[in-house]
Amino acid sequence: MEKKRWECLALPKGWQIEEVTRKSGLSAGKSDVYYFSPTGKKFRSKPQLARYLGNQMDLGSFDFRTGKMLMSKLNKNRQRLRYDNNNQTKGKPDLNTSLPVRQTASIFKQPVTKVTNHPSNKVKTDPQKAVDQPRQLFWEKKLGGLDAFDIAEELVKTMDLPKGLQGVGPGCTDKTLLSAIASALHTSAAPITGQLSAAVEKNPGVWLNTSQPLCKAFIVTDEDIRKQEELVYSVRKKLEEALMADMLAHVEEAASEGDSLEEGNDDMETV
């Protein structure tokens with residue numbers, strides 16, 4: 001990897017920007033940008049940088065990739081601020097009484113605490129939440145081009161899917177199919193069968209079942225289950241052998257330290 005670092009003039013004094021370009025591997029030619037505070041703290045994204053700086057400066061017009069302020073965005077922000085200030089001086093009342101609603105839903109199950117001991121406790125229901133929320137078709141394509149890297153910033157090799165799993169839809173790749181299956185397994189309690197309708201291959205935008213991942217219909221056979229059981233048994237066996245070897249190594253090391261300590265005591269007695 002090739003690294004270049006220089007001072008970022010758009011941020012307060014002492015801040016530096018670093019560009020890391022990969023020279024080999026599947027992501028050769030791609031570059032990542034990092035920022036370093038005067039104390040050496042590393043930042044990988046613009047939201048992290050904004051949280052750290054707080055009210056010190058406005059990063060709305062800041063380009064994280066180049067480290068410069070975009071004048072076009074800066075002028076738009078100034079015009080918007082001037083427009084908001086003019087509207088506030090008119091004294092228009094805010095008649096919106098609806099509570100703010102979270103726009104993004106987490107796929108992870110979050111605990112909810114229900115309070116029932118309050119004297120005026122009432123259970124309120126939102127009729128809009130009772131119906132199924134619409135889902136965007138082929139949302140998995142948003143995850144295309146994203147790669148996972150380990151702590152050493154090396155590309156993590158993606159897992160190989162069975163040959164029986166074949167994707168459907170425009171631009172469907174193995175990575176997109178893997179994301180769709182992982183999401184379906186995590187968010188749905190229904191069995192994963194794939195797209196059962198044959199018409200989905202002709203027109204996915206019309207016949208696609210959004211509750212199923214973007215793959216053709218498949219069946220898990222007893223042979224597939226047996227192979228998976230053998231794989232799990234093999235991995236557990238390797239883990240058992242590794243743990244046993246580590247334990248024996250610790251025992252041998254403790255024994256050698258005890259022998260050396262006894263030899264040292266004998267030498268002291270002889271002296």
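Only heavy atoms go into these numbers, but all of them, side chains included; no hydrogens, no water, no symmetry mates.
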In Å, rounded to the nearest 0.5 Å, how long is the span from [atom1] of [X] to [atom2] of [Y]?
X: L177; Y: K216; atom1: CG; atom2: NZ; value: 11.5 Å
X: I17; Y: L11; atom1: CD1; atom2: CG; value: 8.5 Å
X: L178; Y: L214; atom1: CG; atom2: CG; value: 12.0 Å
X: I192; Y: F218; atom1: CD1; atom2: CZ; value: 7.0 Å
X: E19; Y: T66; atom1: CD; atom2: OG1; value: 10.5 Å
X: L49; Y: R44; atom1: CG; atom2: CZ; value: 14.0 Å

If you count every heavy atom of other residues, nucleotides or ligands that lies below 6.0 Å from I219 atom CD1, does the total exceed 12? no
Would the number of heavy atoms belonging to other residues, nucleotides or ligands and lying under 6.0 Å from CG of D246 be above 12?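 For D246, atom CG is crowded (more than 12 foreign heavy atoms under 6.0 Å).
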Can you see which heavy atom on G67 is nearest to which on A10, and at what distance? O-CB, 3.4 Å
Heavy-atom closest pair (Q56 atom, P12 atom, distance to 0.1 Å) is OE1-CG, 4.5 Å
Any residue meeting salt bridge (charged side-chain N to carboxylate O under 4.0 Å, His left out) with [X], in chain and number order, not counting sequence neighbours:
X: D32; value: R22
X: K13; value: none
X: K68; value: none

Hey, can you pull the donor-acceptor pairs under 3.5 Å for the side chains in residues 226-240, sequence neighbours left out?
{"unit_1": "R226", "atom_1": "NE", "unit_2": "E223", "atom_2": "OE1", "d": "3.3"}
{"unit_1": "R226", "atom_1": "NH1", "unit_2": "E230", "atom_2": "OE2", "d": "2.4"}
{"unit_1": "R226", "atom_1": "NH2", "unit_2": "E223", "atom_2": "OE1", "d": "3.4"}
{"unit_1": "R226", "atom_1": "NH2", "unit_2": "E223", "atom_2": "OE2", "d": "2.2"}

Restricting to side-chain hydrogen bond (donor to acceptor under 3.5 Å, both in side chains), what partner residues turn up for [X], sequence neighbours left out?
X: S197; value: none
X: K30; value: none
X: K41; value: none

Under the side-chain contact (heavy atoms from CB on, under 4.5 Å) test, residues paired with [X] that sit two or more places apart:
X: L155; answer: L26, D147, F149
X: N203; answer: V206, W207
X: Q195; answer: V168, V200, L208, N209, Q212
X: E18; answer: K3, R5, V20, Y34, F36

Side chain of K46, backbone of F62: donor and acceptor closer than 3.5 Å? yes
Would you say L196 ends up clustered with I181 if hydrophobic residues are merged whenever their side chains have heavy atoms under 4.5 Å apart, either directly or through other cluster members?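 Looking at the clustering, L196 is in a separate group from I181.
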Starting from L9, can I reach M57 by hopping between I/L/V/M/F/W/Y residues whose side chains sit under 4.5 Å apart?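 Result: no, two separate clusters.
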Pairing residues for F43 by the ring pair (Phe, Tyr, Trp, His ring centres under 6.0 Å) criterion, not counting sequence neighbours: W15, Y52
I'd like to know whether S31 forms a side-chain contact (heavy atoms from CB on, under 4.5 Å) with R65, so could you lay out the CA-CA distance, the side-chain angles of the two residues, the decisive distance to 0.1 Å, and finally the verdict. CA-CA 10 Å; S31 60; R65 173 62 60 177; 3.6 Å; yes
